[in-house]
Amino acid sequence: MGPRSGHILLILAASLAGAGLWAGPPGTEYLEHIEEVFLTEAGALKLAFPGADKVESRARRFTAEERSRIEERLGWALSGDTVTVHQGFKDGGPQGRAVVMEEIGKFKPITFMVKASNDGKVERVDVMVYRESVGAEVRRARFTRQFRGKTTRDPLRINRDILNVTGATMSVQAVTAGVKKALVILETLDGR
Amino acid sequence: MKRNALMLGLLCLGLGLGSAARAGDAPERAPADQRGEISGPVGQGLYTKPFWRKMGRGTYLGGYMDFEYRNRKDSKQKFEALRMVPFIYADIAPGIRFATEIEFEHGGATADGTGDSKLEFAALDYDLLGEGLGFRGGLVLMPLGKFNLIHDSPINDLNDRPTVSRTVIPSTFYEPAAGLFGTAYPADPLKLDYQFYVSQGFNGGANGSGKIRSSDGLRKARSNVNGSGDNNDRLAFSGRLGLSPVLGTDVGFSFHTGEWDDAGHDRLTILALDWGFKWRNLEFLGEYANAAIGRGPSTHASVPGRMDGYYVQANAHFLNDAVRQGSVFTGVVRVDHVDLDLSNRTSAQTANGQERVTFGLNFRPLEQTAFKLDYQLNMEDWARSRVSNDAWVLGLATYF
């Protein structure tokens, strides 16, 4: 082995030793999911309603008719029958609404908040909890900003109006499906 | 024969469309996540197997397969079970992960050596600085060109891999290796991906044994991973820097360098450039690679001194959701070129180019599954007349 090769291996070994210092105490508890929490619900609501003086959160159970209408528009089944809608107010005026969605990525659920304006256009998508070991790019603004301005009338499809992230297709599909679901739910609850 | 191939193609696409259309008649009523549960007709044993089964607390099973029919003008038509690749993924603890792919190729290992059953990837990842820096060790995919890193058949829109990614970059190219990798976002929306490894290196074989050849490039020169090492005492180095200024646009620079000969004197350096650009329903992608091979004119007479090649590909996606929710068609055109003896060291021939233009159409009932129909125009030094070797290739590929 040449001397240069030896140096490289030494650098690698030193990196690992450094990692041992970072990795925390031995016996770190095993988690069911390897979670990365980027935003709490309170933090996501602050981003969704930055100037609001009040945020109301109301849990809604879908009527059978609403559920059927939502599933028909989406083309797939809902896994739950309730949704919590957060609505911000400033000086008594509504500042849009937000819902927290949870969609399966490659293996595990991705939790994120979708904020829509009063007229049903996406204003923000913020990933709150990511549990996959790859594909976390979907939490970055460079990915989520492409949802801005989307409505239920947009296709919201990979390779059509949403750019895919190579190597994270299933996470992209999950977030895209969740945004579409959030918009359809909000519109259906409005009776539209 | 051509008519047979066309009929087979239409039959395959028709079967896909027909069954998909039936499936798309009514909204699905099943829970959103059915992985690990039995679905489909129980009488057909295939569907009772535990696909996507989560095993234990943090281990997952998945994989992909592809199967093809090939009808080449100068050869007999054939079916082939090309690949079946189960993969296992494990979250061992926070910041510690293991992943492996076990490849059964050409029907699996046989006594006469016509198939393969082997590890293709088996690596332990250890986060050092979150997403920014990690250590990876084990059997590692070499970061040489983007295609080698993302080569799964269900992702590719054509049946055959690019020629340059089989010969100059001998995909699937993996080596026992250790190194560092990570992703950084120095300024939104810029993204940098980087990998750097120390690895075993190529095995060019004994002088004159012909493992590096102008017929198939560097494929035979991949070293064994069974502990016998390569043919010298030197290590190899490889790395890739990927740069994405905005979502949908990326460029990658990569290299692999190390000594290939018995004495450990002659260096083989491969440089690669890959790129990709997406706009609405269109994708443009490609890769260029150049291999410079040190050689002694007398001892390495059969070894070409330099080889290079490229591919450029355009994809257009259309008819989204036309057949069923989530389905899409894709039209593809790809141009391949390689010259595996660029400096004419092994023959008097002034040009050794192999070219291919492929026209493809594929149907994806959902993103993970593809039915592909390709027609290949094969050329030698851009001449259509030298060999009659055009081909129809029909294939199916899916993640499971």
Side-chain angles (χ1 to χ4, degrees), chain A residues 1-2 4-6 8-9 11-13 15-16 18-19 22-24 28-36 68 71-80 103-104 106-109 131 133-134 136-137 140-143 145-146 155 157-161 163-167 169-170 172-173 177, chain B residues 24 27-33 35 52 54 57-58 60 62 89 91-97 125-129 131 133 135 137 146 149-150 155 178-180 183 185 188-191 198 233-235 237 244 246-248 250 264 276 278 280-281 283 317 320-321 325-326 328 330 367-368:
Chain A
M1 184 187 304
R4 197 169 40 177
S5 308
I8 296 289
L9 290 177
I11 290 168
L12 285 176
S15 302
L16 274 178
W22 167 82
T28 303
E29 189 182 353
Y30 181 89
L31 300 173
E32 180 69 14
H33 293 305
I34 308 297
E35 289 191 351
E36 276 192 272
S68 172
E71 291 182 345
E72 187 181 335
R73 291 182 67 185
L74 288 175
W76 68 83
L78 291 176
S79 53
E103 298 291 320
I104 301 287
K106 186 163 181 132
F107 296 117
K108 305 166 189 175
R131 300 170 178 87
S133 60
V134 294
E137 188 179 337
R140 297 280 172 179
R142 70 187 233 125
F143 171 75
R145 73 163 57 94
Q146 64 181 320
R157 282 291 312 278
I158 288 177
N159 296 329
R160 200 160 165 193
D161 59 342
L163 286 171
N164 194 10
V165 176
T166 306
T169 299
M170 295 177 86
V172 174
Q173 283 178 328
Chain B
E28 294 169 32
R29 292 290 166 187
D33 181 14
R35 291 172 295 192
W52 288 115
K54 181 182 177 190
R57 300 185 66 185
Y60 298 84
Y89 165 85
D91 282 323
I92 296 166
I96 305 177
R97 298 177 297 276
D125 287 357
Y126 188 35
D127 289 348
L128 302 174
L129 291 170
E131 199 178 357
L133 192 66
F135 168 82
K146 190 172 183 179
L149 295 173
I150 303 174
I155 289 180
L180 303 170
T183 300
Y185 299 85
D188 182 60
L190 176 65
K191 182 179 82 154
V198 182
D233 191 35
R234 308 300 293 266
L235 296 177
F237 304 91
S244 174
V246 291
L247 186 69
D250 52 83
K278 296 175 189 169
R280 301 182 76 87
N281 66 327
E283 288 177 273
H317 305 284
N320 291 268
D321 300 326
Q325 185 87 23
V328 66
T330 303
E367 198 62 32
Q368 297 93 320

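Throughout, protein chains are lettered first and strands after them, A, B, ... in sequence-line order, and every chain is numbered starting at 1.
Looking at every heavy atom in both residues, B:Val246 comes nearest to A:Arg142 through C-NH1, 3.5 Å. Scanning all heavy atoms of the two residues, the minimum distance from A:Leu163 to B:Gly248 falls at CD1-CA, 4.2 Å. The shortest non-hydrogen separation linking B:Asn320 to A:Ile158 is OD1-O, 4.2 Å. When all heavy atoms of A:Arg157 and B:Gly326 are compared, the closest pair comes out as NH2-O, 3.5 Å.
With rounding to the nearest 0.5 Å, the separation of CG in A:Asn159 from CG in B:Asn281 is 8.0 Å. Here the CD-CD distance, from A:Gln173 to B:Gln368, works out to 5.0 Å after rounding to the nearest 0.5 Å.
Between B:Asp91 and A:Arg131 there is no salt bridge, since no side-chain N of the basic residue sits under 4.0 Å from a carboxylate O of the acidic one.
For the pair A:Arg140 and B:Tyr185, the cation-pi criterion (under 6.0 Å, within 45° of the ring axis) is fulfilled.
B:Arg280 is not listed as a side-chain neighbour of A:Asp161, based on a closest heavy-atom distance of 4.5 Å or more. The shortest side-chain heavy-atom distance between B:Glu283 and A:Asn164 does not fall under the 4.5 Å cut-off.
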Test side-chain contact (heavy atoms from CB on, under 4.5 Å) on A:Arg145 and B:Asp188; report intermediate values, then the result. CA-CA 11 Å; A:Arg145 73 163 57 94; B:Asp188 182 60; 2.4 Å; yes
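Contacts between B:Leu247 and chain A at a heavy-atom distance below 4.5 Å involve backbone atoms as well as side-chain atoms. In this structure, the portions of A:Glu137 lying under 4.5 Å from any heavy atom of chain B include both its backbone and its side chain. Proximity to chain A involves both the backbone and the side chain of B:Asp321, based on heavy atoms less than 4.5 angstrom apart. In this structure, chain A has heavy atoms under 4.5 Å from both the backbone and the side chain of B:Ser244. Contacts of A:Arg160 with chain B are made by both backbone and side-chain atoms, with heavy-atom separations under 4.5 Å. Both the backbone and the side chain of B:Lys191 come within contact range of chain A, with heavy atoms under 4.5 Å apart.
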